[in-house]
Amino acid sequence: MTAWRQAIELSIGAEDLARLVSIAQSRTEPAGRVERARILLAYREDPSFFAVGRALGVHHQTVQRCVERALAYGPMAALDDRPRSGKEPTITAEAKAWLVSLACRKAKELGYPHELWTTRLLARHAREHGPAEGHACFGKLVHGTVCKILNEEEVKPHKVRYYLERRDPEFKEKMAEVLCVYREVKIIKETAAAAKQKPSDAVAIVSYDEKPGIQAIAVTAPDLPPEPGTHATFARDHEYKRHGTVSLLAGIDLLTGKVHALVKDRHRSREFIEFLELLDAAYPAHTAIKLILDNHSAHISKETRAWLADQPAGRFEFTFTPKHGSWLNLVEGFFSKLARSVLRHIRVTSKQELKDRIMAAMEHFNQDPVVHTWSYKLDQAA
């Protein structure tokens, strides 16, 4: 009489258990690893090869082999395939290192018109030059093998990841100045809230920037509306007509949320001065107007400085963001909202219509102003 199979006692530590649960629920792990993780977790709950196999739709011997491998080598090692017998690899470690070092150089440095490598170009170069460099194993190299070698070293020479170099030696100092202004906004808001009053008009703090190059694009055929059950979206002809571009000059009052804006064909010093005149007319004469803005040439030009010199002392005060520090300016978030909600897919018949619709959007936003708040690293402001 055949003896009953005895259940194998499988112990899984807390750390391995958490990793197994993560792998079992993953959508990016290889299917084999996911299946084996589920087998081990199911066997831990019900130590029966037949029950687990029936529940997961696999043969009970598959369950048994997975559990026995986990018992012998550990739960995590049991998820991977065992090394198989076969022909020894012919590509040496030195050849792989040579290929990876080659991939870390630009293709143009070796005389190719390409800026970066493609796997096929890299494989061809290795086939042509590898044997002369002492790597005869690359004589018949294919691009699939190149991909495997590069994946092992986590090198992707065909891709570019952008970064931003800080070129302003006074970046931290200028950032601290901007954060101090935001801290002042916070104090004014808290003081007004404690007194249950509106913020005093003694000071106005405005986050300002320009959004240039807004395109006035017209359709060449009417848009077709959605039809329930037939067309879910608007349909638009691919052809379009350009009417030029406009620039939006806008500033947000950080205490009230009101948006001050102008839409012009350009954004030179004269347009910036016109915006300053708009602010000057919008606030009482005794209000100190503080602007947070970038280092655009129009903001520090001779014309702008001359206009500011004619204003009463203390009327305007500028705080400049550091170079490559436009993310410190709160108005950038407003521009993002404008682009997503108003400018996206916009079509007009003329440049003037675009200007009118942008200004109508400003009026719409001012009907229910949103007070923008800065919190990042604010506790580090002096």
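Computation of the quantities below employed the complete heavy-atom set of this structure, encompassing side-chain atoms and omitting hydrogens, waters and symmetry-equivalent molecules.
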Determine which pairs satisfy ring-ring contact (aromatic ring centres under 6.0 Å, His included) with at least one residue from [range], sequence neighbours left out, and list them in order.
range            : result
residues 185-229 : Tyr208-Phe272, Tyr208-Phe275, Tyr208-His299
residues 342-366 : Phe334-Phe365
residues 209-261 : His260-Tyr283

Clusters formed by hydrophobic residues whose side-chain heavy atoms approach within less than 4.5 Å: which one holds [X], and what are its other members?
X      : answer
Leu224 : none
Val371 : none
Val160 : Leu116, Tyr162

Below 3.5 Å, can you tabulate the donor-acceptor pairs from side chains in residues 131-157 to any protein atom, sequence neighbours excluded?
unit_1 : atom_1 : unit_2 : atom_2 : d
Asn151 : ND2    : Cys147 : O      : 3.1

* Side-chain donor-acceptor pair under 3.5 Å between His296 and Asp209, yes or no? ->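 No, because no side-chain N or O of His296 sits under 3.5 Å from a partner of the opposite role on Asp209.
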
* Exercise: do Arg105 and Ser101 side chains pair donor with acceptor under 3.5 Å ->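 Looking only at side-chain atoms, Ser101 and Arg105 do not form any donor-acceptor pair under 3.5 Å.
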
* **Over 12 foreign heavy atoms within 6.0 Å of CD, Glu190** =>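 It does: Glu190 CD has more than 12 such atoms within range.
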
Taking salt bridge (charged side-chain N to carboxylate O under 4.0 Å, His left out) as the definition, give me every residue that meets it alongside [X], ordered by chain and number, with sequence neighbours left out.
X      : value
Arg124 : Glu128
Glu274 : Lys264
Arg266 : none
Arg236 : Asp223

* Can you list every salt bridge (Lys or Arg N to Asp or Glu O under 4.0 Å) pair that touches residues 352-373, not counting sequence neighbours? -> Asp265-Lys355, Glu353-Arg357

